[in-house]
Protein chains: 2
Amino acid sequence: MADELDTVYALTQVSSLVQGTLERRASEHGISLIQTRLLGTLRDRKPTVNELALLLGLDKSSTSGLVDRAERRCLVRRLPSQIDRRSVRVSLSAEGRTLVEAITADFEADIAAIVEPLDPLERATVAALLSRMLVAHATGRGVELSTIP
Amino acid sequence: MADELDTVYALTQVSSLVQGTLERRASEHGISLIQTRLLGTLRDRKPTVNELALLLGLDKSSTSGLVDRAERRCLVRRLPSQIDRRSVRVSLSAEGRTLVEAITADFEADIAAIVEPLDPLERATVAALLSRMLVAHATGRGVELSTIP
DNA sequence: TATTGTTATACTCTATAACTATA
DNA sequence: TATAGTTATAGAGTATAACAATA
């Protein structure tokens, strides 16, 4: 039992550290965590506003506003859908892509540095065990491992 | 190299899951993540607004507003400082304590369930390796392992 | 003068409800 | 009618700057 509490505690601490790191990097690049998440979601997709809302777990009105502010900064564009004239496709601009890639690179370097004290075998062990946890958890639901933090 | 990227990825995924879990539990109890963090910080302290701002990593004006809203819901109280009449001590109310403990209990049960697929030895391994990472990271700075997510 | 906390202001982020334009 | 998206509104959360009270 004690080991379970230790594990919960360690996971909680690590999670704060990791999320805090991402938030700090995003902020250094002048955008918020949710804007970073928006850009990250758009790296390999051009979803409609509704799809985006589902992916981000937000209301469609919140998503619309999020896209407004990102568009105002020229980070994303709204493209008219060809098949449904009510619909819109949200797409990353070149500027948005450059930005999200810079943030991601900085963030990943930070986490790599945090992981660095472990030797390669230990890192592989952590990765394997955490992955098993994640897979088990995702399988217990509808499987939805988000792409970006 | 590949193992390092895997580790970064696994840590990122786990962190989103853990923070998302906390946020969902907080929201089920009717408060935000930052309000939960405020209450958590006050569990074993009665800091001044300035100290609280440092602990939460916020500006003192943001902190003042945060405390305003928590006080309006009777979750915290402002006590006049005895030694410095400019100062205020922020203190958890009984109601606030009950609330943060309920959220924490739910949250810890969630994480325990997520960790459950690993056997006790594997859990102990994860806890030990993550703890080493955390200690190494904290030692590299001014040591500041936050108490609550 | 310097510090503690609050307030005024301006923005982002969020949800609910009402709207429009398509379907 | 139903769906896709926007807008109006209201509130939390955040920072900067200016302020009052106290040190």
Side-chain angles (χ1 to χ4, degrees), chain A residues 19-20 22-24 26-42 46-91 99 149, chain B residues 19-20 22-24 26-42 46-91 99 149:
Chain A
Q19 293 293 302
L22 178 60
E23 189 158 13
R24 205 188 72 247
S27 145
E28 283 171 10
H29 284 274
I31 70 173
S32 68
L33 192 52
I34 186 62
Q35 286 287 337
T36 305
R37 211 132 55 186
L38 166 64
L39 301 187
T41 302
L42 296 177
K46 298 197 203 315
T48 65
V49 170
N50 253 329
E51 289 164 352
L52 203 43
L54 270 175
L55 289 164
L56 296 172
L58 298 173
D59 188 84
K60 59 182 178 170
S61 68
S62 311
T63 307
S64 186
L66 213 55
V67 170
D68 280 351
R69 292 183 293 274
E71 198 174 28
R72 212 176 301 142
R73 292 165 155 228
C74 300
L75 301 175
V76 308
R77 272 186 303 265
R78 271 184 244 244
L79 311 172
S81 163
Q82 302 300 343
I83 39 180
D84 186 337
R85 286 187 8 241
R86 292 170 303 180
S87 231
V88 166
R89 297 249 153 224
V90 184
S91 152
L99 179 59
Chain B
Q19 294 293 302
L22 178 60
E23 189 159 15
R24 204 190 72 245
S27 145
E28 281 171 10
H29 285 273
I31 70 173
S32 68
L33 191 53
I34 185 62
Q35 286 287 340
T36 305
R37 210 132 55 184
L38 166 65
L39 302 186
T41 302
L42 296 176
K46 298 196 205 314
T48 65
V49 170
N50 253 330
E51 288 164 352
L52 203 44
L54 270 175
L55 289 164
L56 295 173
L58 297 175
D59 188 83
K60 58 183 179 169
S61 67
S62 311
T63 307
S64 186
L66 212 54
V67 170
D68 280 350
R69 292 184 294 274
E71 198 174 27
R72 212 176 300 143
R73 296 168 142 213
C74 300
L75 302 174
V76 308
R77 271 186 305 265
R78 272 182 243 242
L79 311 173
S81 163
Q82 302 300 343
I83 39 179
D84 186 336
R85 283 180 18 232
R86 291 170 303 182
S87 233
V88 167
R89 297 248 154 225
V90 184
S91 154
L99 180 58

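Chain letters run A, B, ... following the sequence lines, proteins first and then strands; every chain starts at 1.
One interatomic measurement links the two molecules: CZ of B/Arg73 to P of D/dA12, which rounds to 8 Å at whole-angstrom precision. Distance CD (A/Glu23) to P (D/dA15): 10 Å, rounded to an integer number of Å. Rounded to a whole Å, the CD1 atom of B/Ile34 is 16 Å from the P atom of C/dC13. In this structure, B/Leu38 atom CG and D/dA12 atom C1' are separated by 13 Å, rounded to whole Å. Here D/dG11 presents its C1' atom at 16 Å from CD1 of B/Ile31, a figure rounded to the nearest Å. For the pair A/Ile83 CD1 and D/dT3 C1', the computed distance is 14 Å after rounding to whole Å.
Look at A/Arg86 and you won't find any side-chain N or O under 4.0 angstrom from OP1 or OP2 of D/dA2. Side-chain N/O atoms of A/Arg78 include none lying less than 4.0 angstrom from OP1 or OP2 on D/dG5. The side chain of A/Arg85 contributes an N or O atom lying less than 4.0 Å from OP1 or OP2 of C/dA23.
A donor-acceptor distance shorter than 3.5 angstrom exists from the side chain of B/Thr36 to the backbone of B/Ser32, with no hydrogens or angles considered. At least one donor-acceptor pair closer than 3.5 Å links the side chain of A/Thr41 to the backbone N or O of A/Arg37. Here the side chain of A/Glu71 pairs a donor or acceptor atom with the backbone of A/Arg78 at under 3.5 angstrom. With hydrogens and angles ignored, the 3.5 Å screen pairs a side-chain donor or acceptor of B/Thr63 with a backbone N or O of B/Asp59.
Heavy atoms of A/Thr48 sit under 4.0 angstrom from primed sugar atoms or phosphate atoms, though from no base atom.
Note on the helix from C/dT1-D/dA23 to C/dA23-D/dT1: angle between the axes of the first and last five pairs equals 20°, rounded to 10 degrees.
Contact check for A/Gln35 versus A/Leu66: side-chain heavy atoms found under the 4.5 Å cut-off. With contacts defined as side-chain heavy-atom distances shorter than 4.5 Å, the pair B/Leu52/B/Leu42 qualifies. By the 4.5 Å heavy-atom criterion applied to side chains, A/Ile31 and A/Leu39 are counted as neighbours. Looking at A/Leu79 and A/Val88, their side chains never come closer than 4.5 Å, going by heavy atoms from C-beta outward.
Side-chain contact annotation: B/Asn50 with B/Thr48, donor-acceptor N/O pair under 3.5 Å absent.
Heavy-atom distances under 4.0 Å link DNA chain C to A/Leu58, A/Asp59, A/Ser61, A/Ser62, A/Leu66, A/Arg69 of residues 49-70 of chain A, given in residue order.
Checking B/Ser32 against A/Asp84, the closest nucleotide of DNA chain D that is more toward the 5' end is the one next to A/Asp84.
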